[in-house]
**Q** 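Have a look at the structure that comes next, please.
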There are 2 protein chains.
Amino acid sequence: MLPEEQRCPHNEQVNCANCRLNSICLPLAIADDDIIKLDEIVQRGKPLHKGDKLYRQGSDFRSVYAVRSGAIKAYSVSPSGEEQVTGFYLPGEILGVDGISSHRYSSTAVALDTSAVCEIPFEQLESLSLQLPKLQRHFFQLMSREITDDQKLLTLVSKNSAEERVASFLLSMSARHTRRQLSEQRFHLPMSRQDIGNFLGLTIETVSRVLGRFKKNLLIEVDGRDLFIADLDGLRAVARVNH
Amino acid sequence: MLPEEQRCPHNEQVNCANCRLNSICLPLAIADDDIIKLDEIVQRGKPLHKGDKLYRQGSDFRSVYAVRSGAIKAYSVSPSGEEQVTGFYLPGEILGVDGISSHRYSSTAVALDTSAVCEIPFEQLESLSLQLPKLQRHFFQLMSREITDDQKLLTLVSKNSAEERVASFLLSMSARHTRRQLSEQRFHLPMSRQDIGNFLGLTIETVSRVLGRFKKNLLIEVDGRDLFIADLDGLRAVARVNH
DNA sequence: CGGCCCTTTGACGATAATCAACGGGAGTGG
DNA sequence: CCACTCCCGTTGATTATCGTCAAAGGGCCG
């Protein structure tokens, strides 16, 4: 199989016959010849190094971005100075839509690893959506999906214990790897414990202790950020949520 | 001034010259003659009694709704049986967009009081959005707004103390009343302590105790669900967030 | 009047935060 | 090459916030 950043949404080679799309990934992919028009407005490439910022909270909103490789973290800082990690974006996922409402990004996006993203200028996406009903629908769905995901996260954070939160998080990462045809059980966490804790509303110490307990109970094996889920069903039982 | 449900988005009388709109409220209002077309697809009325369900989690998604009067609560039940209140919708606000992504509502909406809503069939809204760029943009913004609001709520619930959460909640309610030209300080809470607690990730007892403390510190006066914010700045200081 | 739900208040306890110390790896500079 | 620092992660001891359990009062409606 090709390296991930050269694969199309169908995980075939570049210019796969099914989608004719080589610059942008799953979430906006439409099985239709119209996709070529979308492909034309997408800015390629944009390689990012670890720590590079894709956009900053408060800066003018221009584009949304599709991740092609690597991993991006989005976080926002509240007026009171609290920092909140609002999401991690993996290849095939789209970020930046939070900026639409106020014409400014409400969060900062930073690369956790060397990453590649596609830039999709929003004005052009808007005009194109007026011509391509399927694209408009896709984009409505994408945003609606982000809303329901946020609401699930809210439930997780406000109703579940530390163990349940961490278990759910690991299963979510696993599921997203599976979607990309990668291992369900073995993968690398691109973010620090700090980031995981912040995202889940826990301290770094609690995250570390919970992972320690999972390890002791033979649910997982961890070495730094390398993770192996030894007992998927066991972890699901802890999470009490089906992923 | 007319009763709220008879007022247009500009808080004037029915058929106000500025907007020619008498069926749907602020969030989708566009200062443009095109609005008439939108007005045509909106279903009027729909009076709801306290406890009536507007839609149910898992049922087919057909429409989004604009609240005209009263108050609606949205909540979802996770696979594990946890109930999570995801939002309260007051006059001028729109709910139901969570159903777009999966063609099914991901939450249940129930009237907290006698309420009136307008139904906006989504398929028609979609087609109309293809013709009216401003409407499309408005809807994108509406959804983006919901995303940023959810993320603020997540920060509140995962990073702030019980007192900060309740104070922020009261200030949010106050701000939304102010937008409707109603009193900033004195209003009625349409939801139970249970609902507030669930929404904020707290138990009913904690909510009650926090309100008791606010009362003792002369920040508020409460009598059941009737609230008077005696010291707005004091409450803002507790919330540490500017509303 | 009686039952039910909502709310308040108190006593107690558990979960996760805080405070603190330490080890390891990466990068830097001598 | 080695010392140095910085960041990340782990682990332990203690604390505090909020949840749980329990009881009781008030309002609404049949």
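Model, not experiment: these values are computed from the prediction. The chains referred to below are lettered A, B, ... by the order of the sequence lines, with proteins before strands, and numbering in each begins at 1.
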**Q** Please determine whether the number of non-hydrogen atoms from other residues, nucleotides or ligands lying under 6.0 Å from atom CZ of R225(B) exceeds 12.
**A** yes
**Q** For R145(A) and T148(A), which heavy atoms make the closest approach, and how far apart are they?
**A** O-OG1, 3.0 Å
**Q** Categorize R225(A) for me: base, sugar-phosphate, or nothing, with a 4.0 angstrom heavy-atom threshold over every strand shown.
**A** sugar-phosphate
**Q** Between dA16(C) and T203(A), is there an OP1 or OP2 to side-chain N/O distance shorter than 4.0 Å?
**A** no
**Q** Between K159(B) and E164(B), is there a side-chain N and carboxylate O pair less than 4.0 Å apart?
**A** no
**Q** Can E184(B) and R236(B) be counted as an ion pair, charged N to O under 4.0 angstrom?
**A** yes
**Q** State the CD-OG distance between Q151(A) and S78(B), to the nearest 0.5 angstrom.
**A** 13.0 Å
**Q** Using whole Å, report how far NE2 of H188(B) lies from P of dC6(C).
**A** 13 Å
**Q** So, is the end of the K73(B) side chain (NZ or CZ) under 6.0 Å from the ring centre of Y75(B) and within 45° of the ring's axis?
**A** yes
**Q** Could you check how far CG of L189(B) sits from P of dC6(C), rounded to whole Å?
**A** 15 Å
**Q** For nucleotides 10-14 of chain C, which of its nitrogen or oxygen atoms have a protein nitrogen or oxygen under 3.5 Å away, and what is each distance?
**A**
{"unit_1": "dG10(C)", "atom_1": "N7", "unit_2": "R209(B)", "atom_2": "NH1", "d": "2.8"}
{"unit_1": "dG10(C)", "atom_1": "O6", "unit_2": "R209(B)", "atom_2": "NH2", "d": "3.4"}

**Q** Fit a plane to each ring of Y55(A) and Y105(A), take the angle between them on a 0 to 90° scale, and name the class: parallel (under 30°), tilted (30 to 60°) or perpendicular (over 60°).
**A** parallel
**Q** In whole Å, what is the span from the CD atom of Q194(B) to the C1' atom of dC4(C)?
**A** 15 Å
**Q** Testing the basics here: between L90(A) and A71(A), what is the closest heavy-atom pair and its distance to 0.1 Å?
**A** CD2-CB, 3.9 Å
**Q** Can you give me the first and the last nucleotide of DNA chain D (5' to 3') that has an atom within less than 4.0 angstrom of a non-hydrogen atom in chain A?
**A** dC8(D) to dA13(D)
**Q** Given atom CG of L156(A) and atom P of dA16(C), what is their separation to the nearest angstrom?
**A** 12 Å
**Q** Without decimals, in angstroms, what is the distance between D226(B) CG and dC6(C) C1'?
**A** 14 Å
**Q** Going by number, which of residues 210-224 of chain B have a non-hydrogen atom under 4.0 Å from DNA chain D?
**A** none
**Q** Would E221(A) and K215(A) pass as an ion pair if we require N to O under 4.0 Å?
**A** no
**Q** Take atom CD1 of I196(B) and atom P of dC6(C), then tell me their distance rounded to the nearest Å.
**A** 13 Å
**Q** Verify the distance criterion only: is there a donor paired with an acceptor across the side chains of Q185(B) and S174(B) at less than 3.5 Å?
**A** no
**Q** Are H177(B) and F187(B) an aromatic pair by the rule of ring centers under 6.0 Å?
**A** yes
**Q** Please work out if G201(A) contacts a base, only the sugar-phosphate, or nothing of the nucleic acid, heavy-atom cut-off 4.0 Å.
**A** sugar-phosphate
